[in-house]
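The structure appears below as structure tokens.
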Amino acid sequence: MNKYVKKGLCVALAAGLIATSFAGCAKINYVTNGAVEAIYKVKDGTWQQTEGEEGGAEADGNALVIDEFAAGTYGGVEFASVEDVANYYIEAYNYSKTLLVDYKDKDGNPQKWYKLLGEEDLKVENIMIGGSANAMINNLVPGIVGSLYSPGLNGLVPSTNRDPALDTDEWDGNGETLTTSRLVADDLVTANVKDNGDGTITIQLQPKAVNMSAPGKDAQGHVFQSLGAIDSTVDSISALSWSQGTTAENCKVNYQGGVATVTIDTSTKEIVSADYVMKAVVAVTHANIAVIKDKSASLDITMEWKYPASDDYLMSSKGVTRA
């Protein structure tokens, strides 16, 4: 077998091992996402830049990807600041998560879960090894990760469950509740509002860039169901070691450029539909695995949640039906 093919397979195996370790923990739905999107930024070193370094908004991951805020009256509601937008979203989020409806689980048992449950999807792209793309790896690794990934069915992100009683910032359901939003205006790069002319408005939120985000714990985790810390999971991969430094120094998950787009009925403040797109970059440096020594790798992950979930998705993903 060609030595370069062997090398490619070893690298693919490394990515597969990382994804497998993620899949083995309770965070499967987000860990797999974050692992796959983050291997990309190593190629240009931007993952190493943190907020406050020279270079401005683009260098720290906070370049605008949505329209800037414009004060005005939208759908009969006055918005004078980004803080007003954040506060309106919080009110709508909190109200919407009080709304429960009847479902039947896969065994036919009656359940009362969030009215607004979402579809979930994961994309893995731009896999780079040592700063270079490889077509074989790009074709192989998404399949590895995809085979491990199981789409979730949860309430409005950062929800970790469809059942309000189990919706907490710890994946075992023993943490603090996520039934209400923890968003604050300072979490946002910017936000904007659009009047749809039909009694609804659409709000967009762009949270600030964060490295190693956790649901409910930071700017990204206040908007998305992010991966949480991955250090211990990576450390559990016996085949993986570092030529220098520690796991925390060599494994980064940078979240930036994600956007929440949420449509709200202004008469009730109920969220009627939403599209959350989280973008993360998993970057690994100085990695040793098998015959591969001191390598860097990166990849892009895009995680998307759409609300409301269709009946087909409810059934196909979790065997759930509306009662």
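Computed from heavy atoms alone, side chains included, the values below leave out hydrogens, waters and symmetry copies.
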Between [X] and [Y], does any side-chain donor sit less than 3.5 Å from a side-chain acceptor?
X	Y	result
Asp312	Ser310	no
Thr285	Ser296	no
Lys97	Ser159	yes
Ser243	Asp294	yes
Asn211	Tyr255	no

State whether the side chain of [X] and the backbone N or O of [Y] hold a donor-acceptor pair below 3.5 Å, judged by distance alone.
X	Y	value
Tyr307	Val157	yes
Asn196	Asp198	no
Glu304	Val277	no
Arg322	Tyr103	no
Asp169	Gly175	no
Asp107	Asn109	no
Ser226	Gly228	no
Lys318	Pro151	yes

So, using side chain to side chain donor-acceptor pair (under 3.5 Å) as the criterion, who are the partners of [X] when residues are at least two apart?
X	result
Lys115	Glu270
Asn94	none
Thr263	Thr202

Are [X] and [Y] within salt-bridge range, i.e. N to O under 4.0 Å?
X	Y	result
Lys306	Asp121	no
Asp218	Lys208	no
Lys194	Asp67	no
Glu91	Lys269	yes

How does the hydrophobic cluster around Ile66 look, that is, which other residues are in it when side-chain heavy atoms under 4.5 Å mark a link?
->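 Grouped by the 4.5 Å side-chain rule, Val65, Val259 form the rest of the cluster around Ile66.
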
Using a side-chain heavy atom cutoff under 4.5 Å and only I, L, V, M, F, W and Y, what cluster partners does Tyr95 have?
->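 Listed partners: Leu99.
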
When rounded to the nearest 0.5 angstrom, what is the spacing between [atom1] in [X] and [atom2] in [Y]?
X	Y	atom1	atom2	value
Gln111	Asp163	CD	CG	7.0 Å
Leu314	Lys106	CG	NZ	14.5 Å
Thr302	Asn126	OG1	CG	9.0 Å
Tyr93	Thr179	OH	OG1	8.0 Å
Leu183	Tyr89	CG	OH	7.0 Å
Phe224	Trp305	CZ	CH2	7.0 Å

Shortest non-hydrogen contact from [X] toward [Y]:
X	Y	result
Pro207	Gly258	CD-O, 3.4 Å
Cys251	Val284	SG-CG2, 4.3 Å
Gly61	Ala209	O-CB, 3.8 Å
Glu83	Ala185	CA-CB, 3.7 Å
Met315	Thr321	CE-CG2, 3.1 Å
Ser96	Ile271	OG-N, 2.8 Å

Note, [X] side chain near [Y] side chain (heavy atom, < 4.5 Å):
X	Y	answer
Leu205	Val85	yes
Thr190	Val82	yes
Pro164	Leu100	yes
Glu176	Arg182	yes
Lys279	Asp300	no
Asn288	Leu240	no
Thr168	Leu178	no
Val223	Tyr276	yes

Could you walk me through whether Leu156 and Leu116 pass side-chain contact (heavy atoms from CB on, under 4.5 Å), step by step?
-> CA-CA 7 Å; Leu156 285 165; Leu116 202 55; 3.8 Å; yes

Are [Y] and [X] connected in a single hydrophobic cluster, I mean Ile/Leu/Val/Met/Phe/Trp/Tyr linked by side-chain heavy atoms less than 4.5 Å apart?
X	Y	result
Val193	Ile90	yes
Trp113	Val101	yes
Tyr88	Val272	no

Only pairs at least two apart or in different chains count here, so list each side-chain hydrogen bond (donor to acceptor under 3.5 Å, both in side chains) that has a residue in residues 70-79.
->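 side-chain hydrogen bond (donor to acceptor under 3.5 Å, both in side chains) check on residues 70-79 returns no pairs.
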
For Asp84 and Phe69, what are the C-alpha separation, side-chain angles and deciding distance, and is it a side-chain contact (heavy atoms from CB on, under 4.5 Å)?
-> CA-CA 11 Å; Asp84 287 347; Phe69 172 76; 5.9 Å; no

Which is it for Thr160 and Asp167 under the side-chain contact (heavy atoms from CB on, under 4.5 Å) test, yes or no, and what are the steps along the way?
-> CA-CA 5 Å; Thr160 58; Asp167 187 12; 3.8 Å; yes

With side-chain contact (heavy atoms from CB on, under 4.5 Å) as the test, would you mind laying out the steps for Glu120 and Tyr313 before giving the verdict?
-> CA-CA 9 Å; Glu120 180 177 296; Tyr313 182 88; 3.7 Å; yes

